[in-house]
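Shown next, in structure tokens, is the structure this report addresses.
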Amino acid sequence: MAVIETEASLHAAHRDNHTHRDVNGGWLRPAVFGAMDGLVSNLALMTGVAGGDIGRQGLVLTGLAGLAAGAFSMAAGEYTSVASQRELVEAELDVERRELRRHPKDEEAELAALYETRGVEPALARQVARQLSRDPEQALEIHAREELGIDPSDLPSPLVAAVSSFGAFALGALLPVLPYLLGASALWPAVLLALLGLFACGAVVARVTARTWWYSGLRQLALGGAAAGVTYALGHLFGTAVG
């Protein structure tokens, strides 16, 4: 027996299957980048120092110093970067706001012409532009979306980016140090835990991308492992030369 779907159920199914994740938020990129950077940089730093035959106490100190320095550096860099980007966007919005106030008809005609280039009939394009331009704030939002490609109501937060970056970097950088803090004296537990963390981070990232979890995890594992291997070799080489 065939199941007949009503128009309402079809609309509901389309709505449920056509929702999108937030791709403009200010936390995802710095959090992911921070965790990956914390893991790779601190693992590479510690393996490089370990290659020079430094003692356990020196390795722990190196790992904790790398964690603190990297976390503060990432947070400061993200805050400055996102704040500068936001200030630039706000300056452009002020320019557009002044143009809408001083030359409303020209801006309306510009919007109508834009719709015409996208295939809307000229008369309809002018009508739509006229209706959208009645509300100054709505007109500003439309012009910002169409001309600048931004949403004025969804600008990234510098503070969110900084905090996300700081926390993620610190968490990632802690993994290579953790075995030593728990009493380990050999390098391999730190490397193993860090590599597992890299694979897990890559797999988690795949949850918000189109990649499979195993591909993303293996890719990050290979990149982090290569960085650790190269720095260990360099540390051993330089340690032997200095010694």
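Every value quoted in this text rests on a predicted model; they were computed, and no experiment measured them.
Between I150 and R145, every side-chain heavy-atom pair lies at or beyond the 4.5 Å cut-off. The shortest distance between side-chain heavy atoms of L43 and L195 falls below 4.5 Å. Contact annotation: the side chain of Y180 approaches that of R56 to within less than 4.5 Å [non-hydrogen atoms, C-beta and beyond]. Residues S216 and F199 fail the side-chain proximity criterion, which asks for heavy atoms closer than 4.5 Å. Side-chain contact between L132 and Y115 is present, with at least one heavy-atom pair separated by less than 4.5 Å. Contact check for V191 versus Y232: no side-chain heavy atoms found under the 4.5 Å cut-off. Between T80 and S84 there is a side-chain heavy-atom pair separated by less than 4.5 Å. Contact check for L174 versus L181: side-chain heavy atoms found under the 4.5 Å cut-off.
With T47 contributing its side chain and A44 its backbone, the two residues share a donor-acceptor pair below 3.5 Å. Without hydrogens or angle criteria, E108 side chain to A129 main chain gives no donor-acceptor distance under 3.5 Å. Listed for the R86 side chain is a donor-acceptor partner under 3.5 Å among the backbone atoms of P156. S164 contributes a side-chain N or O that, together with a main-chain N or O of V160, makes up a donor-acceptor pair within less than 3.5 Å.
By the criterion of side-chain heavy atoms lying less than 4.5 angstrom apart, applied directly or through intervening Ile, Leu, Val, Met, Phe, Trp or Tyr residues, M46 is grouped together with L182 in one hydrophobic cluster. One hydrophobic cluster, built from ILVMFWY side chains closer than 4.5 Å, holds both L64 and I54. The hydrophobic clustering, which links ILVMFWY residues whose side-chain heavy atoms are closer than 4.5 Å, places L67 and V60 together. Both V177 and V40 are part of a single hydrophobic cluster, where members link through side-chain heavy atoms under 4.5 Å apart. The cluster map of Ile, Leu, Val, Met, Phe, Trp and Tyr, joined by side-chain heavy atoms under 4.5 Å apart, puts Y79 and L155 in different clusters.
Here NE2 of H143 is found 12.5 Å from CG of L93. Values are rounded to the nearest 0.5 Å. Note that the CG atom of D37 and the OG atom of S73 stand 8.5 Å from one another [nearest 0.5 Å]. Atom CG of D154 and atom CD of E141 lie 10.0 Å apart (nearest 0.5 Å). To the nearest 0.5 Å, the span separating CG on L171 from CG on L178 amounts to 10.0 Å. Summarising the geometry, atom CD belonging to E147 is positioned 9.5 Å from atom CD belonging to E99; distances are rounded to the nearest 0.5 Å. Atom CD1 of residue I142 and atom CD of residue E96 lie 11.5 Å apart, to the nearest 0.5 angstrom.
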side-chain contact (heavy atoms from CB on, under 4.5 Å) between E146 and R118, worked out: CA-CA 11 Å; E146 298 293 348; R118 296 187 177 180; 2.7 Å; yes

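The two residues G66 and F169 make their nearest non-hydrogen contact at O-CE2, 3.8 Å. Minimum heavy-atom separation, L198 to G224: CD1-CA, 3.6 Å. For P176 against A190, the heavy-atom pair with the smallest separation is O-CB, 3.1 Å. When all heavy atoms of N42 and G63 are compared, the closest pair comes out as ND2-O, 3.1 Å. Scanning all heavy atoms of the two residues, the minimum distance from P152 to A144 falls at CG-CB, 3.7 Å.
A salt bridge does not link R101 with E107: none of the charged nitrogens is closer than 4.0 Å to a carboxylate oxygen.
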